[in-house]
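Comments concern the structure below.
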Amino acid sequence: MTTESNAGARILVVDDVEETRDSIERLLRKDGYRVDPARNEEDAVVTARRHPPSLILVSSGGPASAVVATAGRIRERAGLSEQLPVVVFGTDTVDEGVELEIGKRVFVIRPDNFDQLRNFLARLMEIGRAHV
């Protein structure tokens, strides 16, 4: 995965835990993504309106249904397309190392490691570029 292939792609990272959000942001920036952090739904909506993302990444330890609903509201309230991919990770409702598409380009993943998450994001971005 080269940083050149990720250049220009913007990821909105939503997590209420500052250390987690900062770590994800640093690692994604190393991969060449432009990253906009947000600590909650309100911050995410404002940020997404200002800088429309290529993908929304929501990290949470909460129930997947609540996190997915929050991600959907962010997409809707910010006026973003339903085709914009949303990735929810860190939930305990998915077996480690598994990814699930749950509809409307919303994916739930619990990666074994950050490389697995990076590869999944890169695949989603590549698919998105192929459909433009």
Side-chain angles (χ1 to χ4, degrees):
M1 166 177 2
T2 66
T3 57
E4 289 175 14
S5 65
N6 301 330
R10 183 180 293 277
I11 298 179
L12 174 61
V13 176
V14 185
D15 193 304
D16 60 350
V17 178
E18 184 177 5
E19 295 82 19
T20 303
R21 191 175 60 245
D22 290 349
S23 294
I24 294 168
E25 180 181 0
R26 274 192 310 277
L27 292 167
L28 291 176
R29 284 186 190 281
K30 283 183 183 178
D31 282 348
Y33 294 108
R34 292 182 292 165
V35 181
D36 294 313
R39 71 178 184 275
N40 57 36
E41 181 178 337
E42 292 303 317
D43 285 349
V45 169
V46 169
T47 301
R49 284 179 180 157
R50 190 175 328 127
H51 302 288
S54 305
L55 181 142
I56 299 174
L57 176 64
V58 183
S59 168
S60 175
S65 59
V67 178
V68 168
T70 297
R73 285 192 308 270
I74 292 167
R75 210 167 41 182
E76 181 180 323
R77 291 179 58 207
L80 303 170
S81 167
E82 283 189 0
Q83 295 305 307
L84 179 77
V86 173
V87 176
V88 175
F89 92 97
T91 68
D92 57 3
T93 59
V94 177
D95 291 335
E96 196 166 34
V98 174
E99 59 200 49
L100 301 173
E101 182 170 6
I102 59 172
K104 292 193 177 181
R105 301 207 20 100
V106 176
F107 304 86
V108 178
I109 182 170
R110 183 173 173 207
D112 292 322
N113 56 56
F114 189 73
D115 284 339
Q116 184 180 358
L117 177 63
R118 291 170 62 215
N119 292 333
F120 182 68
L121 295 177
R123 283 195 328 260
L124 281 178
M125 293 298 199
E126 188 60 36
I127 290 167
R129 281 191 291 274
H131 289 101
V132 174

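Only a predicted model underlies this, so the values are computations on that prediction, with no experimental measurement involved.
- Proximity of a side-chain donor or acceptor of Ser54 to a complementary backbone N or O of Ile11 within less than 3.5 Å is not detected.
- Asp36 contributes atom CG, which lies 8.0 Å from atom CZ of Arg50 (distance to the nearest 0.5 angstrom).
- A pairwise comparison of heavy atoms in Pro37 and Thr47 identifies O-OG1, 4.3 Å as the closest pair.
- For the atom pair Leu117 CG and Leu57 CG, the distance stands at 6.0 Å (nearest 0.5 Å).
- From Arg123, atom CZ reaches atom CZ of Arg118 across 13.5 Å, with rounding to the nearest 0.5 Å.
- The minimum heavy-atom distance between Ile74 and Glu41, with the atom names listed, is CG1-CG, 3.8 Å.
- Between Ile56 and Val58, the shortest heavy-atom contact is CG2-CG2, 3.8 Å.
- For the pair Leu12 and Ala44, the tightest heavy-atom approach, listed with the atom from each and the gap, is CD2-O, 3.7 Å.
- Between Ser59 and Val14, the closest side-chain pair of non-hydrogen atoms is not below 4.5 Å.
- Contact annotation: the side chain of Leu80 approaches that of Pro53 to within less than 4.5 Å [non-hydrogen atoms, C-beta and beyond].
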- Task: Could you please spell out the steps behind the salt bridge (charged side-chain N to carboxylate O under 4.0 Å, His left out) verdict for Glu18 and Arg39?
- Result: CA-CA 7 Å; Glu18 184 177 5; Arg39 71 178 184 275; over 6 Å; no
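- Among all heavy-atom pairs drawn from Tyr33 and Leu121, the shortest one is OH-C, 4.0 Å.
- Here Phe120 contributes atom CZ and Asp115 contributes atom CG; the two are 15.0 Å apart, rounded to the nearest 0.5 Å.
- Neither Val35 nor Val46 shares a network with the other; the hydrophobic side chains, linked directly or stepwise wherever heavy atoms of I, L, V, M, F, W or Y lie under 4.5 Å apart, form separate groups for each.
- Here the CG atom belonging to Asp31 is positioned 12.0 Å from the CZ atom belonging to Arg29, to the nearest 0.5 angstrom.
- Here the CG atom belonging to Asn119 is positioned 8.5 Å from the CG atom belonging to Asn113, to the nearest 0.5 angstrom.
- Between Arg77 and Glu42, at least one side-chain nitrogen of the basic residue sits less than 4.0 Å from a carboxylate oxygen of the acidic one, meeting the salt-bridge criterion.
- Here the closest non-hydrogen pair linking Arg75 and Val86 is NH1-CG2, 3.7 Å.
- In this structure, Phe114 is a member of the same hydrophobic cluster as Val87, with clusters built from ILVMFWY side-chain heavy atoms closer than 4.5 Å.
- With salt bridges taken as basic N to acidic carboxylate O contacts below 4.0 Å, none links Arg21 and Glu25.
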- Item | Working for side-chain contact (heavy atoms from CB on, under 4.5 Å), residues Val13 and Ile24 | CA-CA 8 Å; Val13 176; Ile24 294 168; 3.8 Å; yes
